[in-house]
Amino acid sequence: MAWYDKDSWLTAALAPTPSTIALTLFVALVLPILVHLFLYRQAAPTALPTFVLVGPSGGGKTALLTLAERKTVAQTHTSTAPLAIEALLPSDVVPASSHYRAPGDPAYERARRFLLLDTPGHGKLRHFATTQLINPTNVRGIIFVVDAASVAEEAGLNEAAEYLHDVLLALQKRYTGAPTSKGPKAIPVLIAANKLDLFTALPPHLVRIQLERAVSTVRKSRAKGLKDSGVALGGEDDGLDQEREWLGEGGEGHFEFQHMEEVGTGVVVKGGNVIGGDGTDVKSWFEWIGAQL
Amino acid sequence: MLDSFEILHTSGVVLWSRSYAPVGAHIINSLIRDVFIEERIVPQPDDAGQRPTYRKEGHTLKWTAAKDLGLIFVAVYQSLVHLTWIDKLLENIRALFIGLYGDQLKKHHTSVVNCDKFGPYFERQIQELEGANDGASSATPNVKLTPPSSADNDSAEESALKPPVLQQQQQPLSDTSADSTPIPTPDTSRPTTPAQSHLLTAKSRPGAKLSRRDKKKVAVGNSAPASSGDEASARRKGKALAKKNRTWTEFGADEEDPSLILDYSQSDLRDDASEAEALEEINPESWGRKTGKGQFVLKDLDDEMDQIIAEQNAKKGVSSQASGIVGSSLGAIGGLFRNVVGGKTLTKEDLAKSLKGMEEHLLQKNVAREAAVRLCESVERDLVGLKTGNFTTIESTIRTSMEKALTKILTPTSSLDLLREIQAVNGSGRPYVLSIVGVNGVGKSTNLSKIAFFLLQNHHRVLIAAADTFRSGAVEQLGVHVRNLKELSKREGGEVDLFQKGYGLDAANIAAEAVTFAAKNNFDVVLIDTAGRRHNDQRLMSSLEKFGKLAKPDKILMVGEALVGTDSVAQARNFNASFGPGRGLDGFVISKCDTVGDMVGTLVSMVHATGIPVVFLGVGQHYADLRGLNVDNVCRLLMS
Ligand SMILES: Nc1nc2c(ncn2[C@@H]2O[C@H](COP(=O)(O)OP(=O)(O)OP(=O)(O)O)[C@@H](O)[C@H]2O)c(=O)[nH]1
Ligand SMILES: [Mg+2]
């Protein structure tokens, strides 16, 4: 039976027979649906507002995350991978967007939900956090958790300041690099001075002063430092890379967190402790989160 | 004895833990840092028999991971004791935990795994493995996992059980070591019965699995020497066994005298029928007590545990089989399809070919073979057992993973801020000392001058010390550089001078003198140039140790050429080791990067060999051609 015969399968496939039409229709309609289902089966169902936990290793990010999720603190070790959890604002904190709503209103309950994203703080693993900053999806705020006791020492302070500098610079770049003149939606930063239960810990206002001072130093030595190898080693020379950006107002003088307001980033420092003999004290941090919701 | 056992998630959350002695959190933290993040200790492949170990402050740590679920299982024990069953424990606990809680672990957006009930399982595992090891220390510890056996297998097992009886008496030491930390238990007086009660209750459960038999046989084998061996060993044995089953007195110990029970157990080995009779007597009682008594809960656990572990092992077996046998027709097509579409679970075999290609690619980029192999292994470790994402091929999955591995290896743990360090050291009232080492002709003096130029730009007062008293012309060469720099410093600010004592004197002394001179004359920084030396020249390399002790440099940088190939690994290692214990290199300067195009593999090789970061790159002929490292850019070059 040759292909041009009347009842060969090829002829049938091209002829306007009902079965062919039905089959074609079926394939045309069902295939996209299947592909859709296949692709979106695992996609996140909701886009909850996200808060990113960053900060040097050992600050207490993961501890805070477990506290937010289960109201008690789990034992933790150095993180090697990021983790997102869904958390609920404590009942005594009211989300800013729902002041007029009554508790029990489903919209109110919904507004209290958020995602908390923990990132590893080890120097080699900070790319998990920085990619979040370059391309933030639904990020409402950044919580920079720092050990208030380690900031009292030079080494700990420098590490924290360097990381903080990079975070703030990334936020500034995102703002200044945005195509619209209005700039993207602001991402505020909370510096959570943790471990205030330790007697070596600095009080929050001193943490603020110390960090501002240390970030100024980092900014200064970055300004004076060597250029990096990007362009020299065949990186694309689009002029933008070469033009280095300085944190804050022109990169001169003393840096203050206030300078970040100009680029749409409010920075506040609040103290607390996740663990402690007299229980935990993280109310101020949750209030801050509530204010961003 | 085990100090602590923890099951933790890669996110850092401890899911379950049990500790028998206080172990500081920093011990496991440093395991994570050194092994998992900085990869300073490369674990041996799993099939090499023993699992890798990590030592810290008198503790030994062993671990295993479940990559796809992001779990790490860590056992911590005193380095002084030798525990042979830890490997087995890790493996069994992993299988158990995944079997029990695998579904919970796959949930998104939560860190909570409800595993309060894991305790009894764990205890049982410990008891069993410890018991099996105490008794038949020479027999394989994996008695538990021998597949359910048929009748003829039984007889083989039987004859295999004879030797331990002899070895028992020959190895009292292994017994005492176990006894040194006895668990307090009231029933140490009746050595042999525990095995019996164990046996009876095990048999009495209608759903008891066959594999229980194997274990029981071992238990019987263990009890045998107690009656036949000498007094002392019997006593000791008894203690060890009592540990295993504390609750035995509840069952039948009062009814029969030990020797009689021993008879039962012996006959059981030969005759199943008589054993069944013996069981009938206890059965009703056991049914009645089933829920109330701890013993029976344990028995349930045992069965469940066996089942779960067997299941997990079977899964492993099937998946490796499927890729081997069914891989012929349908499997192959499905595999191809999934390779394109994604959602394929990766095995070693799947990765092998693409990884080979990746290795070749890295070699072409001038990465030393050793480093390339290690990177590929780390990618393999990263990926085996994972599912490929939607619409991603194996190749692109490997690529992403390799990029991640490269970023991780090249990113320094803490970045070097030379200017701030200088400031800090000067603040304490002494000059900052930086010295440069390397093999001949790699550009030590040139890069030293570049660093000097950079410091001059920042208005520092720099003293350059010519500690190369070996190669003729070296001092003059440095003199030329200093003259040029002086010229430049008129424009840039700062001040520079040369400290030299000619040739032939001891380099270490000159360096020390230079530092004293600088301190007296208010210099901020001393840069010490050293003689180039072959890294395999014992005599010259050994003089570096004295140099380090006398000059006490704040930073020792090694210059390596970007052009050098495989030799880079040995260079980096030897120089790093040459300063004696407690002192190593602080960073690498890679020179002549502009001449190699995208073949920047040397960077990776050197970091791989030592874990020490690259801090500067030389990219040209001018004093200003010194750069910091841009990790992203280098990764891109390597992957292109
Ligand atoms: N005293 C005290 N200790 C705390 C507090 N918060 C956290 N810690 C402890 O600090 C240690 C480190 O906490 P983690 O949450 O693991 O630190 P991390 O920020 O996640 O660190 P990385 O994962 O390495 O980035 C843990 O041992 C905590 O128990 C606190 O408020 N007070
Ligand atoms: Mg963490």
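So you know, we letter chains A, B, ... as the sequences are listed, proteins then strands, and number each from 1. Everything numeric in this text was worked out from a predicted model, so none of it was measured.
Considering B:Leu31, B:Val14, B:Ile72 as possible partners of A:His77, the one that fulfils the side-chain contact (heavy atoms from CB on, under 4.5 Å) test is B:Val14.
Contacts between B:Glu6 and chain A at a heavy-atom distance below 4.5 Å involve the side chain alone, from C-beta outward. With a threshold of 4.5 angstrom between heavy atoms, B:Ser30 does not approach chain A through any atom at all. Proximity to chain B (any heavy atom under 4.5 Å) is shown, for A:Thr80, by both the backbone and the side chain. In this structure, chain A has heavy atoms under 4.5 Å from both the backbone and the side chain of B:Leu626. Heavy atoms of A:Glu69 lying under 4.5 Å from chain B belong exclusively to its side chain. Within the 4.5 angstrom heavy-atom criterion, atoms from both the backbone and the side chain of B:Asn29 approach chain A.
Within the model, atoms NZ of B:Lys107 and CD1 of A:Ile85 stand 13.5 Å from one another, a figure rounded to the nearest 0.5 Å. Taking CD from B:Glu38 and NE2 from A:His122, the interatomic distance works out to 3.5 Å, rounded to the nearest 0.5 Å. Annotation: the span from B:Leu419 atom CG to A:Arg222 atom CZ amounts to 11.5 Å, rounded to 0.5 Å.
A distance-only check finds a donor-acceptor pair linking the side chain of A:Lys124 to the backbone of B:Ile409 [under 3.5 Å].
Across A:Ser79 and B:Ser11, no two heavy atoms sit closer than the pair OG-O, 2.7 Å. Across every non-hydrogen atom of A:Ala74 and B:Val13, the tightest pair is CB-CG1, 4.2 Å. Closest approach of B:Asp417 and A:Ser221 over heavy atoms only: OD2-OG, 2.6 Å.
Options B:Gln423, B:Arg420, B:Lys408 differ in how many heavy-atom pairs under 4.5 Å they form with chain A, and the most are formed by B:Arg420. Highest contact tally toward chain A, considering only B:Leu8, B:Ile37, B:Ile32, is held by B:Ile37 [criterion: heavy-atom pairs under 4.5 Å]. In terms of heavy-atom pairs under 4.5 angstrom with chain B, the leader among A:Thr78, A:Leu65, A:Thr66 is A:Thr78. Of the listed residues (A:Leu125, A:Val218, A:Asp118), the one with the most heavy-atom contacts under 4.5 Å to chain B is A:Leu125.
Checking A:Arg70 against B:Ser111 by side-chain atom types alone, a donor-acceptor pair falls below 3.5 Å.
A:Glu86 has its side chain out of reach of B:Thr110: every pair of non-hydrogen atoms, C-beta onward, lies at least 4.5 Å apart.
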